[in-house]
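Only heavy atoms go into these numbers, but all of them, side chains included; no hydrogens, no water, no symmetry mates.
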Amino acid sequence: EVQLAESGGGSVQAGGSLKLSCAASGFTYTYNCVGWFRQAPGKAPEGVAAIFTRAGDTYYADSVKGRFTISRDNAKNTVYLQMDSLRPDDTGVYYCAAESPCGRTLPDVLTGGQKYRGQGTQVTVSS
């Protein structure tokens, strides 16, 4: 059974940092793509960062570009999201989602629709 498990969420003040992890079990990350998404209360999910896990290519939503960094460690079967310069509007439930094989471009990955996704981890940024 494929499972994705996020960790690393929490509460920080504006300007702080958090690093989220998305660990996979039941499949390997080596040949697929993974996206990080977030959903604030009352809002639709928003794709924020995506990565091709084999080549390491990345793509970011404009709202997080320059502040968030997505990376992967295929040996650990884990994808990370380093979040710096956090703002109150970054608050939400963050979840990862993966597809294998990856037949889309990274911008398309951020539109959602992956077969596998985790339960999410709460990120709260206070002003």
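In terms of heavy-atom proximity, Thr91 sits nearest to Pro88 at OG1-O, 2.9 Å. The minimum heavy-atom distance between Val34 and Ala98, with the atom names listed, is CG2-CB, 4.0 Å.
Remark: Gln114 pairs with Glu99 by the side chain to side chain donor-acceptor pair (under 3.5 Å) rule, at least two apart or across chains. The side-chain contact (heavy atoms from CB on, under 4.5 Å) search around Ala5 returns none, not counting sequence neighbours. For the side-chain contact (heavy atoms from CB on, under 4.5 Å) test, residues two or more places apart in sequence or in another chain that qualify with Arg87 are Arg67, Asp89, Asp90.
To the nearest 0.5 angstrom, Ile70 atom CD1 is 11.5 Å from Met83 atom CE. One finds the OH atom of Tyr60 at 10.5 Å from the CG atom of Leu110 (value rounded to the nearest 0.5 Å). Taking OH of Tyr59 as the reference point, atom CZ of Phe52 lies at 12.0 Å (rounded to 0.5 Å).
Side-chain atoms of Arg38 and Val64, non-hydrogen and from C-beta on, do get closer than 4.5 Å to each other. In this structure, Val48 and Leu81 have side chains that are in contact, with non-hydrogen atoms separated by less than 4.5 Å.
For the side-chain hydrogen bond (donor to acceptor under 3.5 Å, both in side chains) condition, the pairs that include at least one residue of residues 115-127, sequence neighbours left out, are Gln122-Thr124. The list of ring pair (Phe, Tyr, Trp, His ring centres under 6.0 Å) pairs with a residue in residues 80-110, not counting sequence neighbours, reads Phe37-Tyr95.
The closest side-chain donor-acceptor pair between Asn32 and Thr53 falls under 3.5 angstrom.
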For residues 15-27, which side-chain donor-acceptor pairs fall under 3.5 Å, sequence neighbours excluded?
from	atom 1	to	atom 2	distance (Å)
Ser17	OG	Asp84	OD1	2.7

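Partner of Cys33 under the side chain to side chain contact (heavy atoms under 4.5 Å, CB included) criterion, chosen from Val79, Ile51, Val109: Val109.
In terms of hydrophobic clustering, with Ile, Leu, Val, Met, Phe, Trp and Tyr side chains grouped at heavy-atom distances under 4.5 Å, Phe68 and Val123 are assigned to a common cluster.
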- Message: One pair to check against side-chain contact (heavy atoms from CB on, under 4.5 Å): Ser63 and Glu46. What are the steps and the verdict?
- Response: CA-CA 10 Å; Ser63 58; Glu46 175 191 13; 2.8 Å; yes
- Query: Passes side-chain contact (heavy atoms from CB on, under 4.5 Å), Arg104 versus Thr111? Steps please.
  - Reply: CA-CA 10 Å; Arg104 300 192 282 172; Thr111 66; 3.5 Å; yes
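A donor-acceptor pair under 3.5 Å links the side-chain atoms of Asp73 to the main chain of Lys76, judged by distance alone. Looking at Thr69, its side chain never comes within 3.5 Å of a backbone N or O of Gln82 through a donor-acceptor pair.
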